[in-house]
Number of protein chains: 2
Amino acid sequence: MRRMTARPGNAHQARLLKLLRDGGPNSRAQLGDQVDLSRSKLAVEVDRLLETGLVVADGLAASRGGRRSHNIRLNPELRFLGVDIGATSVDVAVTNAELETLGHINHPMDVREGPVAVFEQVLAMAAKLRASGLAEGFDGAGIGVPGPVRFPEGIPVAPPIMPGWDGFPVREALSQELGCPVMVDNDVNLMAMGEQHAGVARTVPDFLCVKIGTGIGCGIVVGGEVYRGTTGSAGDIGHIQAVPDGRPCACGNRGCLEAHFSGAALARDALEAAQQGLSAELASRLETNGDLTAVDVAAAAAAGDATALELIREGGNRTGQVIAGLVSFFNPGLVVIGGGVTGLGHTLLAAIRTQVYRQSLPLATGNLPIVLGELGPAAGVIGAARLISDHLFSPA
Amino acid sequence: MRRMTARPGNAHQARLLKLLRDGGPNSRAQLGDQVDLSRSKLAVEVDRLLETGLVVADGLAASRGGRRSHNIRLNPELRFLGVDIGATSVDVAVTNAELETLGHINHPMDVREGPVAVFEQVLAMAAKLRASGLAEGFDGAGIGVPGPVRFPEGIPVAPPIMPGWDGFPVREALSQELGCPVMVDNDVNLMAMGEQHAGVARTVPDFLCVKIGTGIGCGIVVGGEVYRGTTGSAGDIGHIQAVPDGRPCACGNRGCLEAHFSGAALARDALEAAQQGLSAELASRLETNGDLTAVDVAAAAAAGDATALELIREGGNRTGQVIAGLVSFFNPGLVVIGGGVTGLGHTLLAAIRTQVYRQSLPLATGNLPIVLGELGPAAGVIGAARLISDHLFSPA
DNA sequence: GCGCCTTTGTCCTCTGAGTGGAAAAAGTAG
DNA sequence: CTACTTTTTCCACTCAGAGGACAAAGGCGC
């Protein structure tokens, strides 16, 4: 199949495409109920979309009491690629135009190996998905990277944990390799978009999405749109001071949140506890695996290990303290907690909630849900697909 | 003169009104250069505005090499009332439609006397301005109050320092009394709008405006628009924890920023220092006035008093620490410091800058100006006038 | 099977917004 | 006074979009 290159010709068409993406197949009449256009105008715009091939007719819809209508849907052959480059692994998924995940694979990989090695891996994974018959090609791709991005150009800027990526033209390079439009964003922003599109944040215009993985970041959504800040580094909360004169951090300061709680910090604390003989559970795991990660701490906590629980609780308290400040400042309608350490689950959530509800004013917390993300590792790739579809479904 | 009641009939007219407000009198041709409309269309819309009486013809403009053009300007008889209700005083100003301040008066008043008493005062001040010939009546009024506001209805909600105001229909009541449209907002948001309209933030789309007065608050501007949060309490940073297990605060927690630095905290610290004999300068002022306020501390600092300087420096450090966190999170293009304590001037600013530049990542601070507000006490009332003019100059 | 009603889709006309060119009006420069 | 600019008005033309009429297609009661 020849890949689609068309874009909506005006705002109405863009609106219709997004309705079909978010609501699935629809009849002309149902669309008409949602867009406040005259039937004639609607018919004209739908016909134009059919001509471009972006949408196709799809049989007859059920009768609503009169003549049955013809269904319209986004071209089922359209394919988006969602790529989520994490600090220690890469997720790649294929979706259709309705952003349903058709295939999703994960591969461990250290982002510090640099853009060339990582993209080789990404392209191999994309090829694998294509080979398995899920796609013949891609109409667009969204890429998430674990650091700040100059969004319009799709270029990472001064990413602390991605040496070698600074200034690398990710968007340009991947667009060339994949032969399709590409958009690049911070992985945390994509997680927020994922949860907004298909997760817990579907109906909330203003919310925060805190991702706790190797590092800590926060996606900020204002009025339904991701807010990226003046230089693209908004949401970089890992280096907010959580403990005055606390632990030294890689950034050069002391007491950063990330130095006290994150996947990396948790692993280090667990190792220390195991070596000091504070936890039999962790020590035995250390012996078995030769190393400890956040996953081991989660498992130990699930097994009732007091030391592991305490580590999680203390980390949750620190994180909750920082989030409490952000809640006072930003007054969100929802806080989503996600990322690798969500395996820590409700112990972590409870600690965070306690701090936030205690430290922020009632007006801001009164009706504020603090919840775990619904989509897990899929949030990033769904958000990536959403990013590129938002781009392609906007007037050129 | 009969007060204006017309509103722009469409987005083009609204655009033109705002251009005339922000750019002063303009010829049709100059307007045409800015709005990307055909000459014919522009002429039609200008004619309609002339019919409504919102704008008037205003003589001939200078020649640009050919036929001289007729100037168009906002009706010079239009008057807006800007009201800034602070914790301890009330500011009221009259502006023309171009938001130039024609008269500005201030009166000490404790907001805790309640809405009825305060509005009596406000109305008396408005009457005084009217009596002095500055206005025959008002076409709209903007009101700032020192607490969170449910913006669409113009009603304060759960304001901590304004007992008796909770749920009081400020917008409704004042609209009735003044006989013109009224909009109500948080005083900090209005300060931000004031600095955006006529102060240091004219060209910055995303910035923070920190107001340090009796309390501490922060106006948040995203994409040129004030962000108010889900329940209208965004920017309420006075109760972010600045000192773990620090001083008890009126809100019930400990270590809130406001408990450690604000006009009230500073006065209390100064009193303590004077009584303990730590500062001869402050002690003598205490004896003279019978009490100490932030103004005394500022004066003592200006006179070189070490204790006063230290108080300011320490407060600046605390504030800077909190702002550093907000800068990491929000990545603004500018931070404006304003409010009653700006008299503390550069000692305060230096302390804040030091903390922010030290604690936030270079990407966020690299090109981040941190400056004092330009407008002083006028920021609030100009912001208030701007608020109501934005409202009235939008399509009905 | 048959009429009657409802819903859907198409066609056609009408309106009003907006564009762009021509020309008139009002200047300046020499 | 003449040649050239700029501003303003006027007018014919285009085009998006609304809304009504009507045909097509189906459900439902009899």
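What you see is a predicted model; the values in this text were computed from it and never measured.
- Near DNA chain D, meaning a heavy atom under 4.0 Å away, the residues from residues 20-34 of chain B are Arg28(B), Ala29(B).
- The separation between His70(A) atom NE2 and dG26(D) atom P is 8 Å, rounded to whole Å.
- dA17(C) atom P lies 9 Å from atom CG of Asn10(B), rounded to whole Å.
- One finds no salt bridge joining Lys18(B) and Asp22(B) here, because no Lys/Arg side-chain nitrogen approaches an Asp/Glu carboxylate oxygen to under 4.0 Å.
- Inspection of the Arg28(A) and Ser69(A) side chains reveals no N or O donor paired with an N or O acceptor under 3.5 Å.
- A cation-pi geometry, defined here as NZ or CZ lying under 6.0 Å from the six-membered ring centre and within 45° of its normal, holds between Arg228(A) and Phe151(A).
- Between the side chains of Glu77(A) and Asn96(A), no donor-acceptor pair is found at a separation under 3.5 Å.
- Between Arg68(A) atom CZ and dG27(D) atom P the separation is 7 Å, expressed in whole Å.
- Nearest to the side-chain atoms of Ser38(A) among the listed nucleotides dG19(D), dG21(C), dA25(C) stands dG19(D).
- Contacts between residues 45-56 of chain B and DNA chain D, counted as heavy-atom distances below 4.0 Å, involve no residue at all.
- Counting non-hydrogen atoms under 4.0 angstrom, Ser69(B) reaches the backbone sugars and phosphates but no base.
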Salt bridge (charged side-chain N to carboxylate O under 4.0 Å, His left out) between Arg48(A) and Glu51(A), worked out: CA-CA 5 Å; Arg48(A) 287 186 190 156; Glu51(A) 270 175 39; over 6 Å; no
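- Between dT10(C), dT9(D), dA25(C), one nucleotide has an atom nearer to the side chain of Arg67(B) than all others, and that is dA25(C).
- With rounding to whole Å, Leu60(A) atom CG is found 18 Å from dT7(C) atom P.
- The nucleotide whose nearest atom lies closest to any side-chain atom of Ser40(A) is, among dG27(C), dA22(C), dG20(D), dG20(D).
- If you take CZ of Arg39(B) and C1' of dA22(C), they are 10 Å apart, rounded to a whole angstrom.
- Here the P atom of nucleotide dA16(D) and the CG atom of Leu37(A) are 14 Å apart, to the nearest Å.
- Distance, His12(B) NE2 to dG16(C) P: 16 Å, rounded to whole Å.
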